[in-house]
Amino acid sequence: MSELIRTRFAPSPTGRLHLGNVRIAVFNWLFTRHHGGAFVLRIEDTDVERNVPGAEEALMGDLRWLGLEWDEGPDVGGVHGPYRQSERGHLYQEALAALLDQGEAYRCFCAEGEGSEETRRYPGTCRSLDREEAAARAEKGEMHVVRLRTPEAGTIEIRDEVRGDITFPASDIDDFVLRRADRRPTYNFAVVVDDVTMAISHVIRGGGHLSNTPKQALLFDAIGAPRPRFVHLPNVLAPDGGKLSKRHGAQGVEALRDEGMLPEAIVNYLSLLGWSHPEEKEVLTRDELVAAVDLDRVRASEMAYDPDKLRWVAAQHLARLPLRAVVDGVRPFVDRSRFPLSDPALGPAMEALRSRLSAFGEVNDHLGFVFPQDGAAWDELRAALRRDPEGQEVLREAHASLEALEGWDREGVRTAFKEAGRRTGARGPGLFHPLRKAITAAESGPDLGWICVALGREEVLHRLEAAMVA
RNA sequence: GCCCCCAUCGUCUAGUGGCCUAGGAUAUCGCGUUCUCAGCGCGAAGACCGGGGUUCGAGUCCCCGUGGGGGUACCA
């Protein structure tokens, strides 16, 4: 594609972004970056009653956090601004005047909802009203809307980049409203004027808009502007196959962010919904996605959101992070009130349990391996250990070896355990089980060597002593 | 009601008429590695919605049905 690629993401500020919305932004962004185009953020706030205060900032915050930077938008400006529909009234006005002038649109004085029950279409009552007369009535303040003069017969052909050519019967599309009685533009009208004036080349949006497309195509034609390429991404369904919505299966970006999930992982997972890598690779970095994502491998069929796979992708990304990054990522999430973990201990602790994380916020679910909580259960375990002569022997010898240890690292600790094993004749579970129980109060868990390093010599010795017969 | 879109393992998908006795991923289960769990490695089970065509040959093309989704607003 040699033309200038310009795309847009146009959310309404009615709430936080959820995975369904964000996926649209992800494709727009990926596609645009792939082609070196410009990505525009436009706020569709025409419906004043539905606007939620602060939603615009929140939504921009979510997008930025995901790394989906826009080149033009309400906060960064741009030559095609303003970027809020509420501030673009004059553009709609101008476009409307031109349409009225050319006879492409006409004033309609009918009462709201007038139309036959059968077809549910507006019958075109005011279509043939005298233009001068209509203008005069409007001048006098008579309530009216403005409608587009649409073809009565024939077909409307549109091209969708993922589905190909689609034909709609023109008779199915009535003379729809462009401007309401209160003079606000309708959605379909505002969108087209915006896309034209912002020189959008590719309209990439949810499949739900496919049915709006013939109307919008007609509007582009009426305005005399070339139609953009239409790209309708298949809809995302809830995990159970039903409709995805905030209250049904849709995760909010905010929630995932609060959980400490890697934004790159979210972008990666979302990219896999409806698109596939030519070599079927699934774990991809942002750069790899930008390099690979294009329209030719986008599917047309809808699909379900799968939280399990999201988790898996996230875990894969996390696993590829250097330890340093895991430690930094996890640090703000550690519940210090429950886990007396010193900062230097974070490294070994993460070595021990990073493989079970898919998001940083999950640390607290696993730190219990290092800092057991249940005192009563631990006491029982210790008591049982004290009644076990072989276990006692292991504990005693391990304690001695550990105490004599020069430094305090994983290899040293493991060597000390093995020495204790050699001296007592205990091997395998016979050796590690009593140690693990004494140190972590659990029968299973992460690598004991790393846990010991994280706990420090003093604490480990202390725990061993607590489980030994005095 | 009418219009439009969609249809491969539970889920995400590969597949563009013969390479498909349908491949990969996830989830599930088993084995191995490991003190154990997680991870990792290996393996098992698991799908072309139904019916008609077209063709020497159909998951792939056409039609009908069924199911799901969207639209039919002075909502977006």
Side-chain angles (χ1 to χ4, degrees), chain A residues 10-12 14 44-47 49-50 85 108 110-115 117-122 143-147 158 160 162-163 166-169 171-174 176-188 190-191 206-215 232 234-237 239-244 269 272-283 297 299-313 315 319 352-357 366 369 414 417 421 426-437 440 442-449:
Chain A
S12 344
T14 53
E44 308 218 326
D45 57 353
T46 351
D47 197 0
E49 305 84 53
R50 281 172 49 169
Q85 287 190 330
C108 164
C110 298
E112 189 173 341
E114 187 166 308
E117 284 293 315
E118 283 276 292
T119 61
R120 299 179 201 190
R121 292 174 65 251
Y122 173 71
M143 291 285 274
H144 68 283
V145 298
V146 177
R147 295 178 181 272
I158 63 161
D160 176 73
V162 353
R163 279 160 255 255
I166 302 167
T167 304
F168 294 83
S171 59
D172 248 51
I173 297 193
D174 67 353
F176 59 95
V177 173
L178 304 182
R179 192 181 70 185
R180 304 176 172 92
D182 65 5
R183 306 181 73 82
R184 283 157 54 221
T186 56
Y187 167 77
N188 279 126
V191 167
H209 289 282
L210 194 58
S211 324
N212 286 325
T213 308
K215 287 183 177 177
H232 290 97
N235 279 120
V236 183
L237 273 26
D240 63 5
K243 228 190 299 182
L244 185 76
Y269 172 71
L272 262 21
L273 253 32
W275 172 83
S276 60
H277 187 275
E279 292 156 42
E280 288 197 80
K281 288 183 184 163
E282 298 199 299
V283 181
R297 293 188 64 84
R299 277 169 61 87
S301 52
E302 56 203 10
M303 78 305 286
Y305 160 59
D306 180 1
D308 285 342
K309 187 124 182 190
L310 203 215
R311 292 272 148 209
W312 177 79
V313 171
L353 50 78
R354 60 176 294 178
S355 73
R356 44 196 87 208
L357 299 181
H366 303 286
F369 285 122
R414 288 166 69 96
F417 285 161
R427 293 189 287 118
L431 170 62
F432 282 91
H433 229 196
L435 288 168
R436 176 174 293 283
K437 281 196 266 194
T440 71
E443 310 216 340
S444 69
D447 183 272
L448 205 48

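So you know, we letter chains A, B, ... as the sequences are listed, proteins then strands, and number each from 1. The structure presented is a predicted model; accordingly, all values stated were derived computationally and were not measured.
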(request) Find the distance D174(A):CG to A73(B):C1' and express it as a whole number of Å. (result) 9 Å
(message) Both distances below 3.5 Å, Watson-Crick or wobble geometry, any strand: find the nucleotide opposite C49(B).
(response) G65(B)
(request) Please state the P separation for the pair G57(B) and U13(B) - nearest whole angstrom. (result) 33 Å
(message) So if I take every side-chain heavy atom of E112(A) and compare against C37(B), C74(B), G71(B), which nucleotide ends up nearest?
(response) C74(B)
(request) For E302(A), report the nucleic acid contact type (base, sugar-phosphate, nothing); a contact means any heavy atom under 4.0 Å. (result) base
(request) Specify the separation, in whole Å, of atom CG of D447(A) and atom P of U34(B). (result) 13 Å
(request) Just call it for P429(A): base, sugar-phosphate, or nothing, with non-hydrogen atoms closer than 4.0 Å on any strand. (result) sugar-phosphate
(request) To the nearest Å, give me how far apart CZ (R297(A)) and C1' (C12(B)) are. (result) 14 Å
(request) Any strand is fair game: report the nucleotide pairing with U36(B) by Watson-Crick or G-U wobble, both distances under 3.5 Å, or none. (result) none
(message) Taking the C1' atom in each of U21(B) and G59(B), what is the distance between them to the nearest angstrom?
(response) 14 Å
(message) Need the pair for G43(B). Rule: Watson-Crick or G-U wobble, both distances under 3.5 Å, any strand; none if unpaired.
(response) C29(B)
(request) Quick one: label R163(A) by what it contacts on the DNA or RNA (base, sugar-phosphate, nothing), any heavy atom closer than 4.0 Å. (result) sugar-phosphate
(message) Once you apply a heavy-atom cut-off of 4.0 Å, does L448(A) come out as touching a base, just sugar-phosphate, or nothing?
(response) base
(request) Write down the distance between CG (N235(A)) and C1' (G69(B)), rounded to a whole number of angstrom. (result) 7 Å
(request) Could you check whether R50(A) gets within reach of a base, just the sugar-phosphate, or nothing at all, counting any heavy atom under 4.0 Å? (result) base
(message) From the set U13(B), C6(B), C74(B), return the single nucleotide nearest to any side-chain atom of S301(A).
(response) C6(B)
(request) Please evaluate the base of A27(B) for a donor-acceptor partner in the side chain of K309(A) within a cut-off of under 3.5 Å? (result) no
(request) Rounded to whole angstrom, note down the C1' distance from A22(B) over to A45(B). (result) 16 Å
(message) OP1 or OP2 of G15(B) versus the side-chain N and O atoms of R299(A): is any pair under 4.0 Å?
(response) no
(message) Classify A181(A) by what it touches in the nucleic acid, base, sugar-phosphate, or nothing, heavy-atom distance under 4.0 Å.
(response) base
(request) Please tell me which of the listed nucleotides, C35(B), C74(B), G71(B), lies nearest to the side chain of F432(A)? (result) C35(B)
(message) At 4.0 Å (heavy atoms only), tell me whether F168(A) reaches a base, stays on the sugar-phosphate, or touches nothing.
(response) sugar-phosphate
(request) Write down the partner of G1(B) under the Watson-Crick or G-U wobble criteria, each distance required to be under 3.5 Å. (result) U72(B)
(request) For the pair F369(A) and H366(A), name the ring-plane relationship: parallel under 30°, tilted 30 to 60°, perpendicular over 60°. (result) parallel
(message) Using a heavy-atom cut-off of 4.0 Å across all strands, would you classify I166(A) as base, sugar-phosphate, or nothing?
(response) sugar-phosphate
(request) Among C12(B), G39(B), C5(B), find the nucleotide with the atom closest to the side chain of S355(A). (result) G39(B)
(message) For A73(B) and R121(A) - does any side-chain N or O of the residue sit under 4.0 Å from the phosphate oxygens OP1/OP2?
(response) no
(request) Please tell me which of the listed nucleotides, G71(B), C12(B), C74(B), lies nearest to the side chain of A304(A)? (result) C12(B)
(message) Could you tell me how far apart W312(A) (CH2) and U28(B) (P) are, to the nearest whole angstrom?
(response) 13 Å
(request) Take the protein atom CD of E279(A) and the nucleotide atom P of U13(B), then report the distance between them rounded to whole Å. (result) 19 Å
(message) What's the gap between A25(B) and C9(B) when it is taken at their C1' atoms, as a whole Å value?
(response) 12 Å
(request) For the side chain of D308(A), starting at C-beta, report the closest nucleotide among C12(B), A27(B), A38(B). (result) A27(B)
(request) Would you mind classifying the nucleic acid contact of D160(A) as base, sugar-phosphate or nothing, using non-hydrogen atoms under 4.0 angstrom? (result) nothing
(request) Check the distance between C74(B)'s P and M143(A)'s CE and give it to me in whole angstrom. (result) 14 Å
(request) Identify which nucleotide among U13(B), A76(B), C2(B) has an atom closest to any side-chain atom of S276(A), counting heavy atoms from C-beta outward. (result) U13(B)
(message) Does G430(A) reach a base, just sugar-phosphate, or nothing at all? Heavy atoms under 4.0 Å.
(response) nothing
(message) Just to be sure I understand the rule, does T213(A) reach a base, reach only the sugar-phosphate, or reach nothing, if contact means heavy atoms closer than 4.0 Å?
(response) nothing
(message) Heavy atoms from C-beta onward define the side chain here; which of A76(B), U8(B), C35(B) lies closest to that of R436(A)?
(response) C35(B)
(message) Could you tell me the Watson-Crick or G-U partner of A22(B), where both distances fall under 3.5 Å? Say none if there is no partner.
(response) none
(request) Name the nucleic acid region contacted by D182(A), choosing base, sugar-phosphate or nothing; use a 4.0 angstrom heavy-atom cut-off, strictly under. (result) nothing
(message) Tell me if the side-chain of D306(A) makes a donor-acceptor pair with the base of A27(B), cut-off 3.5 Å, by modelled atom types.
(response) no
(message) Counting only Watson-Crick pairs (N1-N3 plus N6-O4 or O6-N4) and G-U wobbles (N1-O2, O6-N3), all under 3.5 Å, who is the partner of A14(B)?
(response) none
(message) What contact category does G208(A) fall into here, base, sugar-phosphate, or nothing, at under 4.0 angstrom with non-hydrogen atoms?
(response) sugar-phosphate
(request) Output the single nucleotide from C37(B), G23(B), C74(B) whose closest atom is nearest the side chain of R356(A). (result) C37(B)
(request) Grab the CD-C1' distance between E44(A) and A76(B) for me, whole Å please. (result) 7 Å
(request) Considering only atom P, compute the distance from C6(B) to C61(B) and round it to an integer number of Å. (result) 11 Å
(message) Using the P atom as the point on both nucleotides, what is the distance between G67(B) and C31(B), in whole Å?
(response) 44 Å
